[in-house]
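Scroll down for the structure; my scribbles are underneath it.
Throughout, a chain's letter reflects where its sequence line sits, starting with A, and its residues are numbered from 1.
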Amino acid sequence: MKKVTVKIGSVILYPLFIIFFILIFDFGFGWLFIPRSYSFFRTLHPVYHHGLIPNQSGLAAWGPLLYPFSTNSLGFRDASCREITLKTDRKRILILGDSHTEAVGINFEDSFFGRLSITAKSKNIDMLNAAVVSYSPKIYYLKAKYLLEEAHLSFNELWVFLDISDLQNELAYEAFSPGKETGCWKFSNRFKKFMAAHSFLYSTISSWLDKKKIGDFSDSMKTFDEKSKSYKPDNILELYATFFNDFNDKELIRSPAFHGVGKWYYDSTTIRLAERGIDLGMQNMKLLANLCKQHEINLKISVHPWQVQVSKQDTLDYYVKKWKVFCANERIDFINLFPLFINGENPEIANKKYYIPNDNHWTEAGHEKVACYLEQYLR
Amino acid sequence: MRQLILLIVAGFILILSACSERAKIDARLKQALKANPKDLEQILLLQGTQVFLKQGDAKLMHDYCLQLNNAGYYSRALKTCRNLVRQENGSHQYAELYSSILIKNFINPTTDKLFQKHYSESSDSQKRTFGFIIDSIQVIDSKLAITPNLSNLHAERGKLLFMISETVAADWDIQQCIRYDGDYYNLARNNFYEDNLKDCWNYLIRYQQIVEKRKIPYHKDYSIIKNMVSQLLAIDTLLKQGSDKVPLLLKRAGIYLQAKRYKQCIQNLDAIIALEPSNFNPYAMRAFAHKQYGNDSSAIADLSKAEKLSGRKFTDLDKLIRKKHDK
């Protein structure tokens, strides 16, 4: 009887021992060999496509630049991990935008939002930054709706920052349909994140699968970069590629011209893409405007230029005109940031001063300029 | 068995502690520098990490500033350098680096508060010159913000930018200047084609004055047009004075031919033929002008006449006219 119990015990114990050792070695190897992730705080989201994980703090990378990154309890970029109350007695302004507003490559205190929030504090205004890389009108609408109706966050004003990347993003998210944020989804998402960060086996297999999945996108984007003599570091390229998961037009993805969104409306071959992108964007912004009206929220729309637009020296180009007319029709406050960067200064110098090299995102000086200008709207 | 397991676990913990984050970064940095010193992305990233890990290491911060400045990340370089200067309480060994980064950010070192506080005595004449240039550029910027098409301001700013080695930006301003001054050039060109030679000449003189004053390059066709106009004006004067008409008209026809103004060329040659019907030269020239103007039959007729009068074959002209005609 005793022998049988020992045998059963060893039958159970030995596999457990083996599993235990495999796990120890897998996690040990993971600790040693999994490269440090600079996008650990980013996550996909079933309702608004992607966002940030709440209460995270660490280093983020943008190309060769490293910068500290923290998120608050709502999963918004903030000065530190802090608790945000859903309702407040003070006036609250929520900001939505893409990578410019998230302030990639820039420390929080140097970003235009960081600077504005200090001024706002002195005026008894609370500011929150819900912007995330590669957001566009469809995501602005979905996220604002989620925050108002699911998260029950209250705010009085919504500022939306648009730029030409929205033309491409709107096409990329056209097929995305929002789901529900269930407990099961939350658990599996956390589990995947944990395994990707710690298990060597899981991380190797998942990164191999991811690379295969985004292969077409990365290849054609690299071809575009070679042709246009621009350069995007791998970490930026991989980040962007993941946002094209729902985009099924493989032919368009393989076309290098598709990746030059900055020049879409200057080129007769791609103007149709630009028109399609802006139409979709306007449909979604209309939904957002109606949502704001329902909740008595004052909406402001701002447009800002990329380097290519600064070089063209046109403060009222195709893109600006379209949104200006849209805002006039919808009775929305319109802020044009083009004249900040196109104001008599030599465009080569302006691009050098206010934009990260080979990139369309602002430097510390660019953010400072935007913050100084926007201060007038804090009232 | 238990001892063996304990031994393995202890060994593993030892390995893990040895490979701390810091050690990993140091090793990767050394590896990257050894493998490819130009792999800037890797180096900046790793040095950035080190700066964050080792706040206070002046040498690393100095290296990091240099790397950022060399790679064109001027704004970031300025921020890091300001921290370095503050941390080192204005040590003079960083004055040079700080002033060069300020200039790259288009900030006059002599007016920067931190620079003034620590290095006001060390501001040499070169820094003052650079500062003056930056201030002048900013004054021009503000003027151009109100009236963007003032070519003289573009020319001035272009020259200033050249002085601080911002050649690409300077080139943009020179192009703008030529674009706006090009109006004089284009006016001259249009008047030349409308045979208003005096107006054309006046516009050319104004264009020349602007280019000379601003020391910017001439339009590539400027000297050709100027040469033609001056010769045509001289011929007009000589004709009025009653000089021998035929060589002057022949010269004028030649100028129009060079300017590809075939109609005017043919008119001048017609006048010569009327004066000297036995001269074969105007026929040969008119044959070529007719050919270029598209009158193939007239070209062949003139060529035959020229050959008949001269008593020889114009082989090259014949080839050109007949070959093209046969085609």
* Using non-hydrogen atoms only, which part of A/N351 is less than 4.5 Å away from chain B: side chain, backbone, both, or neither? -> neither
* To do: Let me know if A/Q313 has heavy atoms under 4.5 Å from chain B in its side chain, its backbone, both or neither.
  => side chain
* Asked: Under a 4.5 Å heavy-atom cut-off, does chain A meet the side chain of B/N105, its backbone, both or neither?
  -> backbone
* Heavy-atom pairs under 4.5 Å with chain B are the metric here; pick the option from A/D110, A/I106, A/I349, A/I356 that has the most. => A/I349
* May I ask you to say whether B/D63 pairs ionically with B/K59, meaning some side-chain N is under 4.0 Å from a carboxylate O? => yes
* If you count heavy-atom pairs under 4.5 Å with chain B, which of A/I342, A/T363, A/N346 comes out on top? -> A/N346
* Asked: Has A/K324 got more than 12 heavy atoms of other residues, nucleotides or ligands less than 6.0 Å from its NZ?
  -> no
* To do: Mark yes when over 12 heavy atoms from residues, nucleotides or ligands other than B/F132 sit less than 6.0 Å from its CZ; otherwise mark no.
  => no
* Asked: Looking only at side chains, do A/D26 and A/Y202 share a donor and an acceptor under 3.5 Å apart?
  -> no
List, one per line, each side-chain donor-acceptor pair under 3.5 Å for residues 158-172 of chain B, sequence neighbours excluded.
residue : atom : partner : partner atom : Å
B/K159  : NZ   : B/E156  : OE2          : 3.4
B/E166  : OE1  : A/K352  : NZ           : 2.5

